[in-house]
Amino acid sequence: IRKILKDINLHAGSLESYASLFNIILKIKPNEVYHLAAQSYVGYSFEDEFSTLNININGTHYLLSAVKEFADSKIKFYFAGSSEMFGKVKSVPQNEDTVFNPRSSYGISKVTGFHLTKNYREAYKLHASNGILFNHESPRRGFEFVTRKISHAVARIKNGSKEKLKLGNMKAKRDWGHAKDFVEAMWLMLQRDNPGDYVVGTGEEHSVDEFAKKAFGHVGLNYKDHIVIDQKLIRPAEVDTLLADSSKAKKILNWEPKVSFDDLVIDMVENDLKNINLV
Ligand code: GDD
């Protein structure tokens, strides 16, 4: 965000402190609150369930409660739910009626956040919406997530690194979209008169293997020459497959994803190639 710092104001706050969140709302009196903060790395949630559950559940509760104190200001609230709430999926594809079956403390924390948001909407009449977002990626993605881990390794290897890229379950399938499309869906939810819950995804599924093949292939490399499987990266409880049915978002929000899977992979790889010397 270095480039846009001159256009925005940052205020320090912590999901662990109700007082800090309350004071920010008091000071800013926002029209819209987008609650995206969390311990959001599923892999790490198996190593530290306690902080994942405490921070994600209490943080969401604190923020909702702080917003409720200013109910007269008609603040619109967005909660970043996740396709991880579907976990070991009960049906394919997943929509707003699909049963939740989370497989990690991260997924459990998001199910709780979803219900807290819904309850504040129903009990206290807040304009509070849940986005159930499937994986959304971009060149700004953190290095711990598989797409950026791959795109950055492609750039390093293309630039002469002799390393092997260690990955876990390459058969896992995800509905990967571009973050800039998904942010538009979040915004659209808060422009409506009535709050609601929406599944947001592309409706296309690809494996980690396909992502790696395409990313290495884009720079003329065969991914099989550069990847090794590391058993330590296999999750104790995996989510094998996720596929969105976003009919509701398409119909009510008039939302459509614009960036294809191929263009997403190319955007990430090209960006890492361009900035490889800066990291
Ligand atoms: N991170 C990572 N690293 N994942 C790997 C690796 C690896 O080396 N190798 C294979 N994978 C597999 C994981 O096991 C998982 O099945 C898949 O790649 C995607 O992993 P992540 O990129 O870590 O994302 P995620 O799907 O677990 O979670 C992301 O998407 C959710 C929405 O569906 C995160 O952004 C969550 O915060 C978000 O809610």
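Just follow the structure's listing: the first ligand is 1, and inside any ligand the first atom is 1.
- Note: F145 and Y41 meet the aromatic proximity criterion, with ring centroids under 6.0 Å apart.
- If you look at V146 next to ligand 1, the close heavy atoms, those under 4.0 Å, come from the backbone and the side chain alike.
- Using a 4.0 Å heavy-atom cutoff, L133 is listed among the residues neighbouring ligand 1.
- The shortest separation from a heavy atom of R141 to ligand 1 is under 4.0 Å, placing the residue in contact.
- When R235, R174, E238 are ranked by how near their heavy atoms come to atom 27 (O) of ligand 1, first place goes to R235.
- By the 4.0 Å N-to-carboxylate-O rule, D209 lies too far from K171 to be salt-bridged with it.
- If you check each of R103, E144, K171 against atom 1 (N) of ligand 1, the one with the closest non-hydrogen atom is E144.
- By the side-chain contact (heavy atoms from CB on, under 4.5 Å) test, A155 is found to be paired with D272, L273, I276, residues two or more places apart in sequence or in another chain being considered.
- For K258 and E184, the salt-bridge test passes: some basic side-chain N is under 4.0 Å from an acidic carboxylate O.
- Protein heavy atom at the shortest distance from atom 8 (O) of ligand 1 is K149 NZ, 2.7 Å.
- The residues E122 and K118 are annotated as salt-bridged, a charged nitrogen and a carboxylate oxygen being separated by less than 4.0 angstrom.
- Distances shorter than 4.0 angstrom do not occur between any heavy atom of K110 and any atom of ligand 1.
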